[in-house]
Amino acid sequence: MDTDLGWWAVPLALIGGAIRISTPFLFVSLGETITEKSGRINLGLEGTLIFGAMIGYGMAYLIGDAWAQAAINDAIAQGLPPPAVSARSYPMAAWLGVGIAAIAGSLFGVVHGLICSLKRVNDIAVGIAMMLFGMGIAFYFGKPFIAPAAPDLPSIPFAAWSDVSQVRDAFNVNALFIIGIVLAVVLWWAFRNTRLGLILRVVGDSADAARALGYNINLVRTLATAVGGAFAGIGGAFLSLYYPGSWNEGISSGQGLMAVALVIFARWNPIACFWAAMLFGGTSALGPALQAVGVTGGYYLFNAAPYILTLGLMVATSSRNRAMAGAPGELSITR
Amino acid sequence: MPFKPVPSRRDLLKTGAALGALGVASPLIGARAFAQGALTVGFIYVGPRDDYGYNQAHAEGAAAVKAIPGVTVIEEENVPESVAVQRSMESMIEFDGAALVFPTSFGYFDPHMLAVAPRYPGVQFRHCGAVWQEGVHPANTGTYFGYIGLGQYLNGIVAAHASRTKKIGFVAAKPIPQVLININSFLLGARSVDPTITCQVIFTGEWSMAVREAEATNALIDQGVDVVTCHVDGPKVVVETAAARGAYVCGYHANQSALAPALYLTGAEWNWATLYTNFVNQALAGEPLANFVRGGLSDGFVKMSPYGPAVTAEAAAAADAVKAEMMSGGFSVFRGPLYTNTGTLVIPEGTAYLETDIALESMDYLVEGVIGSTS
């Protein structure tokens, strides 16, 4: 039953919005954290995100459509009436799309990593080039996928107990969000407590020490960038396959770039990345939610809340003493 | 830029002599293509052709033009409202020989189309949305648009019959007159059925902003809205999000029923096929093309999507009756006394504006019953 929530709709929208919108921020920022821990910055994740959104959506549609055609042909071959299926009937195809987006993202990461392994190459400039490249080929190959409807990723109803339909909808949580939380905790633990985490941090904090220990710095950094790219690809697939759930050329409103800023705000700490992503998601929901309860003036200002928040946080956390606290020592911005 | 060598004096003399011999006056050079019964027509879109929205509506019109014998259609998508559109127009004219060009997006008009048109006096330019003024704008240019607010009024009637919560919702891009006419028409249509209905509007501030459109739709439904329509460039996200939440949808721009087969009620669609085929047939016949074209339901510029399965016979009959009145002419959506939602009287008792009235093209208010604000 629909219930009149009145002003309670605002906190509910902020929580629901945080859950719906934060996942791409979370995945991109976790990926960027891994990359930056190894001492490189990959600014190209916005391009990877958009390419992941396109390839995830396109592949999910093509696979789902092929399965639907096969089911129809089977039924006809057996003399049965053709079933009413389409690409949207196969959520499994959406998961395959997420997997393909991750692979594509890691390939972008490998390219970035290999180019940056050359001498005297600036990782920020390569990142910007990769961002434009990713967007360009995503738009080029994404043309035929704007119209078709691909399957959606399923969601888990966490508030099925509630009588209030708004609450039930706000807590329809996608599995990727939960995977993101688990990954954040695992990464936080792994950076401190595992051999891999130690190698990553050594390479990122002191190339000399890593070299003395006999690690191949370029290999570690390239792999870290590849993993970061895979995460960004998954974040893109979430955009096109779950929320808002369709592919078009304006699907990302800068989530990939904002997530990179968010890593600095989160001080390269995966748990902090999660809270920062939630905060960005919640503020993105603020503008529409306030208009819905009747705060109709100044919507341009409220719609800009996530961007104002980005600026505010950067200013607030930039002090002369601790601006770069926690930053890996080998980052080109700290060296 | 196409390479154009500077013609030598000898070339000019030769051309002049040839033209003189044929008795052809120079302004007619470009009109040559018209007379031969063959015509190349160019369409330029700001977004993708299959966006379930604004651009798809124009592309469907272009597809109808392709069916006319002797006509070649060239199309270009994703052309920004910048100097890029000038290059697109020039290349269509110089390389493809286009004699009639339709730049379809609002921002293509000034300064871009106005800059290119004087250089090609033999080519006709027709733009969607702007207001052509004689003496101000070149004679080989013109503009066209449709009164789609009538369609939103009919959407409102059907929405009012479907709504149980008596709250309907509108996801709008920007508070410009065309959008405000649509919002107000949607509410007035609904209130013609039930005067207690309210329409909640949320402005996203952008023509295309997928995540915010989805959030706006969710926020409307959280407030108890159970019928949603929109005015954004691509309604796909709004339609899919609303349908996923179980709300009814009224479409806009193009037919979105495939995205929500059970919950799609009806929709206000552009029907550019009529207008484009008219223009092209006139050009083929060598007739002059009108410079300022406007039209509504009765002119076939705007049409309604077929009713979805959720529309009751009663609702369909009510909407059809009003549609018949609109088709026969003289139906006013905006008639006095009409108050804004801040309580100002904007149309006094006894005054009624037809959709053609120029006073409506500067609308800057939301009428009583719309919850929202223009700033």
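As a basis for the values below, the full set of heavy atoms in this structure was taken, side chains included, without hydrogen atoms, waters or symmetry mates. Reminder, nothing fancy here: chain letters follow the sequence lines and each chain counts from 1.
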side-chain hydrogen bond (donor to acceptor under 3.5 Å, both in side chains): which pairs involve residues 10-19 of chain A, sequence neighbours left out?
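Found none.
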Would you mind listing every side-chain hydrogen bond (donor to acceptor under 3.5 Å, both in side chains) that reaches into residues 134-154 of chain A, with sequence neighbours excluded?
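Listed once each, the pairs are A/R88-A/D152, A/K143-A/E249.
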Using a cut-off of 6.0 Å, state whether more than 12 heavy atoms not belonging to [X] lie near its atom [atom1].
X: B/Y339; atom1: OH; result: no
X: A/F139; atom1: CZ; result: yes
X: A/W67; atom1: CH2; result: yes

Non-hydrogen atoms of [X] and [Y] that approach each other most closely:
X: B/S373; Y: A/Y299; answer: O-CE2, 3.5 Å
X: A/A147; Y: B/K236; answer: O-NZ, 3.7 Å
X: B/Q223; Y: A/V293; answer: NE2-CG1, 3.4 Å
X: A/S246; Y: B/E240; answer: CB-OE1, 3.7 Å

What part of [X] gets closer than 4.5 Å to chain B, counting heavy atoms only: side chain, backbone, both or neither?
X: A/L290; value: neither
X: A/I146; value: both
X: A/P306; value: neither

Can you pull out the residues in residues 199-215 of chain B with any heavy atom less than 4.5 Å from chain A?
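Answer by number: B/Q200, B/V201, B/I202, B/F203, B/T204, B/G205, B/M209, B/A210, B/V211, B/R212, B/A214, B/E215.
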Is there a donor-acceptor contact under 3.5 Å linking the side chains of B/Y52 and A/N248?
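No, no side-chain donor-acceptor contact under 3.5 Å.
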Value rounded to 0.5 Å, distance of CG in A/D169 from CG in B/D222:
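Going from CG on A/D169 over to CG on B/D222, the span is 7.0 Å.
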Any side-chain heavy-atom pair from A/Y243 and B/N218 closer than 4.5 angstrom?
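Yes, their side chains come closer than 4.5 Å.
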Side-chain heavy atoms of B/K174 within contact of A/Y300, under 4.5 Å:
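B/K174 reaches A/Y300 side chain to side chain.
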Can you check whether anything in residues 52-60 of chain A gets within less than 4.5 Å of chain B, heavy-atom wise, and list it by number?
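Under the 4.5 Å heavy-atom cut-off, A/Y57 qualify.
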Under 4.5 Å heavy-atom distance to chain A, tell me which part of B/R245 shows up: side chain, backbone, both or neither.
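The side chain, not the backbone.
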Between chain A and each of B/A219, B/G246, B/A258, B/A244, count heavy-atom pairs under 4.5 Å; write down the option with the most.
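Going by pairs under 4.5 Å, I would pick B/A219.
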